[in-house]
Amino acid sequence: MPELPEVETIRRLLARRLAGRRILRAEFPERRSLRGDPAKTAARLVGQTIRAVGRRGKHLLIEFDSGLLLAVHLGMTGSLRGGGERGPHTRAVLELDRGRVLFDDPRMFGRIELCEALPARIARLGPEPLETTAADFIARLRARRRMLKPLLLDQAFLRGLGNIYTDEALFRAGIHPRALAARLSPERARKLHGAIREVLTAAIAAGGTTISDYVDVEGNPGGFQVRLRVYGRAGEPCPRCRAPIRRTVVGQRGTYYCPKCQKR
DNA sequence: ATCGGTACCTGCACGC
DNA sequence: TGCGTGCAGGTACCGA
């Protein structure tokens, strides 16, 4: 479900809600949603005060005064709720000195981990798409012999893009999802860098994309779905040339693109 | 390095 | 109504 813009939207709301709060109780009713032992993790969390909420790619990082870190990945269907009662898919509950936060995740692809430092798994991800420079991005593309779509989805190359925003960025840049990274001209690579920045920035401003179930901490859906140009629009006319948008599969992922506007 | 396949899960839409 | 199928915003691991 959530890609960078959704996670960033959640991070901002969570930061406001959680900064300075203390954990009174924690519960992990679903062992598989947690890396580590549920009882031990819960015990270590009690009494911890939240300093800040950060983000690396699609990972949320709840930082405590003690230096401990609660890393949350929402997977495909994970969501965080500020308040309310637990439901059938509640996988974690943090009871605070004011309010509570619940982690719901029907498909259980999401994970929570309490750690003392940034886990290697997260530390070794690629750069933030909104922080990397065009020059660096172009140089790194050049070094890869791979199709663009799977490369952009690879979190070790760039952290935060998922299926939706990859397709949207490639469309905006006029580049075919199967185009080979190393063969892109510097000008087209620069255009792709700009397209990624634009689509992510606009999506964050709109509060993310809701296809079926994404909601933020307050339960509000995103607003960017109405501005998607190709994702989920197979058969509809391309907003630029009116040719029908096509759906195909690239790297085992459903992929939407305009066969006329997007060239290899 | 890169690719394809599989696995992990549940829920929903769809066709019959 | 019920059942089978395919699909879904993500990641990890395996062998080729």
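Because the structure is predicted, anything quoted here is derived from the model rather than measured. Every heavy atom of this structure was used, including side-chain atoms; hydrogens, water molecules and symmetry mates were not. Protein chains get the first letters and strands the later ones, always in sequence-line order, with residue 1 at the start of each.
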Check: Can you list the residues that meet the side chain to side chain contact (heavy atoms under 4.5 Å, CB included) rule with A:Ala234, with sequence neighbours excluded?
Finding: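 A:Arg247, A:Tyr256.
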Notebook entry, point to check: Is there a donor N/O on one and an acceptor N/O on the other, under 3.5 Å, for the side chain of A:Thr209 and the base of C:dG9?
Noted result: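 Result: no qualifying N/O pair found.
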Checklist line | Test side chain to side chain contact (heavy atoms under 4.5 Å, CB included) applied to A:Ala135 - qualifying residues, sequence neighbours left out | finding: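 Counting only residues at least two positions away or on another chain, A:Ala135 forms a side chain to side chain contact (heavy atoms under 4.5 Å, CB included) with A:Thr133.
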Item checked: Pairs touching residues 218-230 of chain A that satisfy side chain to side chain donor-acceptor pair (under 3.5 Å), sequence neighbours left out ->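 Found A:Arg17-A:Glu218.
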Notebook entry, point to check: Residues in side chain to side chain contact (heavy atoms under 4.5 Å, CB included) with A:Arg31, at least two apart?
Noted result: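 By the side chain to side chain contact (heavy atoms under 4.5 Å, CB included) rule, A:Arg31 matches A:Asp37, A:Pro38.
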Checklist line | ring pair (Phe, Tyr, Trp, His ring centres under 6.0 Å) involving A:Phe28 - partner list, sequence neighbours excluded | finding: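 For A:Phe28, no residue satisfies ring pair (Phe, Tyr, Trp, His ring centres under 6.0 Å) once neighbours in sequence are set aside.
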Note to self: Taking any heavy-atom pair under 4.0 Å as a contact, classify A:Tyr165: base, sugar-phosphate, or nothing.
What the structure shows: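 Contact class for A:Tyr165: none.
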Please enumerate all protein N or O atoms sitting under 3.5 Å from an N or O of nucleotides 5-7 of chain C, with distances to 0.1 Å.
none

Next item on the list: Spell out protein contact along nucleotides 1-7 of chain B as letters: B when the base is contacted, S when just the sugar-phosphate is, - when no protein heavy atom is under 4.0 Å; keep the 5' to 3' order.
Entry: -SSSB--
Next item on the list: Check whether any side-chain N or O of A:Arg253 sits under 4.0 Å from OP1 or OP2 of C:dG10, and answer yes or no.
Entry: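 For A:Arg253, the contact criterion (side-chain N or O under 4.0 Å from OP1 or OP2 of C:dG10) is met.
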Checklist line | Heavy-atom protein contacts under 4.0 Å, nucleotides 8-13 of chain B, coded B base, S sugar-phosphate only, - none | finding: BBBS--
Margin query: Quick check on C:dT11: is either OP1 or OP2 less than 4.0 Å from any side-chain nitrogen or oxygen of A:Gln155?
Written below: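 For A:Gln155, the contact criterion (side-chain N or O under 4.0 Å from OP1 or OP2 of C:dT11) is met.
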Checklist line | Span that lies between the P atom of C:dG2 and that of B:dC9, in whole angstrom | finding: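 Those two atoms are separated by 27 Å.
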Notebook entry, point to check: DNA chain C: stems of at least 3 consecutive Watson-Crick or G-U pairs, cut-off 3.5 Å?
Noted result: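 Listed by first number, the stems are B:2-8 with C:10-16, B:10-16 with C:2-8.
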Note to self: Considering only residues two or more places apart or on different chains, which pairs with a residue in residues 41-52 of chain A satisfy side chain to side chain donor-acceptor pair (under 3.5 Å)?
What the structure shows: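 Applying side chain to side chain donor-acceptor pair (under 3.5 Å) to every pair that reaches into residues 41-52 of chain A, excluding sequence neighbours, yields A:Arg44-A:Glu116, A:Gln48-A:Ser66.
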Next item on the list: Under the side chain to side chain contact (heavy atoms under 4.5 Å, CB included) rule, collect the residues that match up with A:Arg246, sequence neighbours excluded.
Entry: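 Side chain to side chain contact (heavy atoms under 4.5 Å, CB included) list for A:Arg246, sorted by chain: A:Tyr257, A:Pro259.
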Item checked: Qualifying side chain to side chain donor-acceptor pair (under 3.5 Å) pairs, either residue in residues 148-164 of chain A, two or more places apart ->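 Those involving residues 148-164 of chain A are A:Glu128-A:Arg159, A:Arg146-A:Asp154, A:Lys149-A:Asn163, A:Lys149-A:Asp167, A:Lys149-A:Thr255.
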